[in-house]
Amino acid sequence: MRELVAEYLSKKISRRGFVGGLTKAGLTASAAQSVLTAVATVSYGQGAGPQPGAAPAAPSAAAPAASAPAAAAVAGVKPFQGPGGAAFADQLIACGVKYVFGNSASEDAQFYEALVDRPQLKYILTPHEGPGAAMAAGYIKASGEPAIVMQAAVVGMANAVGQMFNAFKEQTPLVVYSYRTDQTRRAGRDGFEEVANQEQMVQPITKYTWLARRADMIPETIRRGFKAAWTPPYGPAYISWHSDYNDERVRTEIISQELIDPRMRVRPNPDEIQRAAKLLVEARMPLMVTGDEIYKAKAAGKAVKLAEMLGMPVTQVRQLYANFPETHPLWVGNLAGNSLNSLTYPKSADVIINVGNKFQHNGPTPIVPRGPKFIDMRIDHGSMGNVMLTEVPLVCDVGYGLDDLIAAVEQLLTPALKQKAVERAADVRKFSEWARVTRAQLTNNPDWDQSPIIADRLTWEVAQFADPDAIIVHEAGSVALHSFDFNPTGGRELFFYYGAHLGSGVGTAAGVKLARPNQQVICLVGDGSFIFGPTALWNMARLELPVITVVYNNHAYGGPHSRVIANVPGGRMVQTGQFVHDYLGSPDMNMAAIAKGFGVDGEVVESPAQLREALARARKHTVEGKPYLIDAQVARKGVAWADKPWIPPIQVAALRQKKV
Ligand SMILES: Cc1ncc(C[n+]2csc(CCOP(=O)(O)OP(=O)(O)O)c2C)c(N)n1
Ligand SMILES: [Mg+2]
């Protein structure tokens with residue numbers, strides 16, 4: 001074999017002759033192919049040109065790769081020669097990817113082939129691209145590690161678009177790939193699965209999209225996708241190439257992602273930090289708004305420290321995560337309205353600091369009202385100054401920003417100012433204790449013991465049941481979350497649905513559990529939301545991801561029901577009870593039966609007592625490594641719900657002439 005290699009390297013024999021010699025020497029065809037790849041890599045590293053007798057030359061295979069320097073080894077840069085699909089796999093490994101979330105794509109054959117000998121890259125087959133992409137996003141969010149979603153051409157991509165939208169809104173670094181079925185020698189002919197400019201379909205909901213123009217550009221395209229997604233502020237990227245590039249033999253470079261990461265972990269401008277610190281210490285009533293950049297930067301402890309130094313109350317505007325401990329005496333609750341003016345307390349903040357919130361404006365009123373001075377600290381500079389006036393902009397990684405601000409405030413705090421902060425903290429505590437007592441009155445609801453269960457009781461029971469460090473994935477429609485006392489500094493964590501393309505909950509929970517196998521994961525999901533994406537249950541069963549899924553099954557789109565009435569109050573719909581858009585009963589869907597079909601045990605519960613027993617069974621299952629689903633029958637609440645809601649009278653039976 002040594003002679004054979006020497007002959008091949010010195011170009012005495014062709015590639016075909018080399019492989020033939022190896023098989024004659026007793027190697028299997030695939031083993032011979034691996035040896036060829038390994039030897040070819042060496043020869044490329046030595047600066048050898050194209051191989052004589054190589055497979056029929058596609059233009060890019062014959063020409064030396066423009067981007068590939070010939071020699072000198074550089075750490076983290078590996079020369080590569082082989083099929084485009086194998087370059088794809090190697091570059092993913094170099095990007096730090098461990099999991100590929102995919103759906104069957106025949107023309108990725110060379111990629112699948114490459115996986116056989118690359119066990120470090122694990123492929124998770126997801127039977128629908130939507131929940132599959134949600135699973136990838138859940139994994140990325142809970143692990144902080146890169147992953148890729150791949151699917152068949154535009155047909156597969158279209159199913160994942162909803163979750164790409166969620167990733168865009170939630171700023172999740174999700175990288176998605178699908179090939180173009182139209183190959184280079186037939187593109188533009190309106191062929192099978194062809195649509196012009198496929199990558200443009202997702203352009204408005206991605207940070208970066210690109211169609212590679214040559215097979216040897218596959219690794220560079222992947223690197224740019226990951227760089228764009230993982231450079232703060234994070235967001236999804238979409239990469240694509242013609243499917244024949246996966247089969248083409250290429251000479252190119254595989255480069256470690258670290259070597260191209262701009263490492264945008266930015267410290268704030270020191271002058272602005274001084275101005276911010278001065279405003280904060282001199283404030284009569286400062287107020288902090290927290291946001292998801294805190295969770296992403298693991299900086300919740302620092303946010304607590306800054307709040308405590310100043311005796312500053314803390315709130316949050318709609319986000320994905322809980323970014324501040326909800327049991328902390330300075331926590332005054334989430335903002336329910338459209339403006340900080342609508343907080344019950346404090347009523348008169350004169351300095352407001354935002355730490356890492358993107359601010360979802362759902363109304364014409366600016367969330368930060370005109371008047372108070374506004375310090376805006378975040379890396380997502382794009383929306384700064386668009387709606388609200390910014391007195392002090394602090395563009396930075398919020399971890400560094402909080403460090404610097406804490407140090408600057410410390411310098412300025414005199415004993416008198418410290419005393420003021422202590423008094424203010426006592427005032428805030430009075431409010432937060434009152435709010436806690438008020439919230440606890442929830443259990444006095446006259447319907448508390450009712451069957452079907454009221455949503456608040458269901459949430460409360462799950463909160464009593466959940467582990468102290470449980471992760472709650474929440475896609476339970478119009479259900480108001482309470483009683484969990486989330487705490488990002490080591491207690492319970494929240495993964496909410498901010499993007500609101502429904503059908504993400506079950507997939508997200510599966511991905512979160514994959515990333516955090518040692519924490520209890522509970523998925524709270526509305527029946528309508530659940531039915532948009534249950535296929536991830538099958539992944540839970542196959543991968544033994546012991547998630548507890550609780551479906552709030554009111555057999556309805558309860559939220560849309562109430563919102564339609566709010567939009568057309570007292571109209572014909574309310575008068576007649578004819579709502580076409582909201583009732584999912586008759587027949588009632590049985591989510592436990594659906595779960596069984598995916599290999600997940602479960603049960604339907606009607607009463608609070610049954611619920612407790614079901615939760616105990618759920619725990620038993622998860623301890624044994626099995627997922628479990630509880631289909632909780634929940635009361636329909638809101639105005640104008642009939643006991644038996646009206647259904648549009650579309651009677652096909654009357655049209656049926658034949659018994660077929
Ligand atoms: C993919 C998708 N389709 C439609 C909607 C519109 N939508 C918003 S809430 C909702 C109903 C959710 O129902 P369910 O999960 O049962 O919660 P409930 O309103 O009953 O509390 C729908 C259909 C959406 N957000 N996403
Ligand atoms: Mg519902």
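Just so we're clear, the structure is a prediction, and the values are computed from it rather than from any experiment. In listed order, ligands and their atoms are each counted from 1.
- Side chains of Y497 and N166 form no contact here, defined as non-hydrogen atoms less than 4.5 Å apart.
- Considering both main-chain and side-chain atoms, Y552 never comes within under 3.5 Å of ligand 1 through any nitrogen or oxygen pair.
- Regarding atom 18 (P) of ligand 1, its nearest protein heavy-atom neighbour is G558 N, 3.4 Å.
- Y295 and E493 are linked by a side-chain donor-acceptor pair at a separation below 3.5 angstrom, with hydrogens and angles left out of the test.
- Nearest protein neighbour of atom 15 (O) of ligand 1, counting heavy atoms only, is S529 OG, 2.6 Å.
- Nearest to the Mg ion (ligand 2), among the N, O or S atoms that D527 has, is OD1.
- Residue-level proximity to ligand 1 for L584 is absent, since no heavy atom of it falls below 4.0 angstrom.
- When distances to the Mg ion (ligand 2) are checked against a cut-off of 2.8 Å, N554 contributes an N, O or S atom below that limit.
- Shown in contact with A500 at under 4.0 Å from a heavy atom are these atoms of ligand 1, numbered in order with element: 24 (C), 25 (N), 26 (N).
- When the options I531, L502, V634 are ranked by their closest heavy atom to atom 5 (C) of ligand 1, first place goes to L502.
- Nearest protein neighbour of atom 17 (O) of ligand 1, counting heavy atoms only, is G477 CA, 3.5 Å.
- Residue-ligand proximity: G503 is placed with every non-hydrogen atom at 4.0 Å or more from ligand 1.
- Ligand 1 lies less than 4.0 angstrom from a heavy atom belonging to R563.
- Using a 4.0 Å cut-off between charged nitrogen and carboxylate oxygen, D467 and R619 count as a salt-bridge pair.
- Using a non-hydrogen distance threshold of 4.0 Å, G162 does not register as a contact of ligand 1.
- Counting protein heavy atoms only, atom 16 (O) of ligand 1 is closest to D527 OD1, 2.6 Å.
- When hydrogens are left out, the protein atom nearest atom 13 (O) of ligand 1 is Y557 CD2, 3.3 Å; that is the closest non-hydrogen contact.
- Distance check for G526 against the Mg ion (ligand 2): none of its N/O/S atoms falls below 2.8 Å.
- Side chains of Q203 and Y238: no donor on one and acceptor on the other come within 3.5 Å.
- Within the 4.5 Å cutoff, side-chain heavy atoms of F359 are placed close to those of N354.
- Under the 3.5 Å distance criterion, with hydrogens and angles disregarded, a donor-acceptor pair is assigned to the side chains of Q319 and N357.
- Between A556 and ligand 1, at least one pair of N/O atoms sits closer than 3.5 Å.
- For ligand 1, the atoms lying closer than 4.0 Å to a non-hydrogen atom of G528 are 13 (O), 14 (P), 15 (O), 16 (O).
- With hydrogens and angles left out, the side-chain atoms of Y552 and T459 include a donor and acceptor closer than 3.5 Å.
- Each of K596, H621, R617 was checked for a side chain to side chain donor-acceptor pair (under 3.5 Å) with D601, and the lone residue meeting it is H621.
- In summary, the atoms of ligand 1 found under 4.0 Å from a heavy atom of G559, numbered by their order in the structure, are 18 (P), 19 (O).
- Under 4.0 Å is where a charged nitrogen must lie from a carboxylate oxygen, and between K358 and E293 no such pair does.
- To the nearest 0.5 angstrom, L629 atom CG is 6.0 Å from L537 atom CG.
- Cation-pi geometry between R318 and Y498 is met: under 6.0 angstrom from the ring centre, within 45 degrees of the axis.
- Residue contact check: P560 has heavy atoms under 4.0 Å from atoms 9 (S), 10 (C), 11 (C), 19 (O), 22 (C) of ligand 1.
- The distance from ligand 1 to the heavy atoms of N554 drops below 4.0 Å at these ligand atoms: 20 (O).
- Residue-level proximity to ligand 1 for S478 is carried by backbone and side chain together, each with a heavy atom below 4.0 angstrom.
- Of the protein's heavy atoms, at least one falls inside 4.0 Å of atom 11 (C) of ligand 1.
- Side chains of S478 and R563: no donor on one and acceptor on the other come within 3.5 Å.
- Between the side chains of Q171 and D380, at least one donor N or O sits under 3.5 Å from an acceptor N or O.
- Under 3.5 Å, the side chains of Q633 and D631 contain a donor-acceptor pair of N or O atoms.
- In terms of polar-atom proximity, F532 is not counted as a contact of ligand 1, lacking any N or O under 3.5 Å from an N or O of the ligand.
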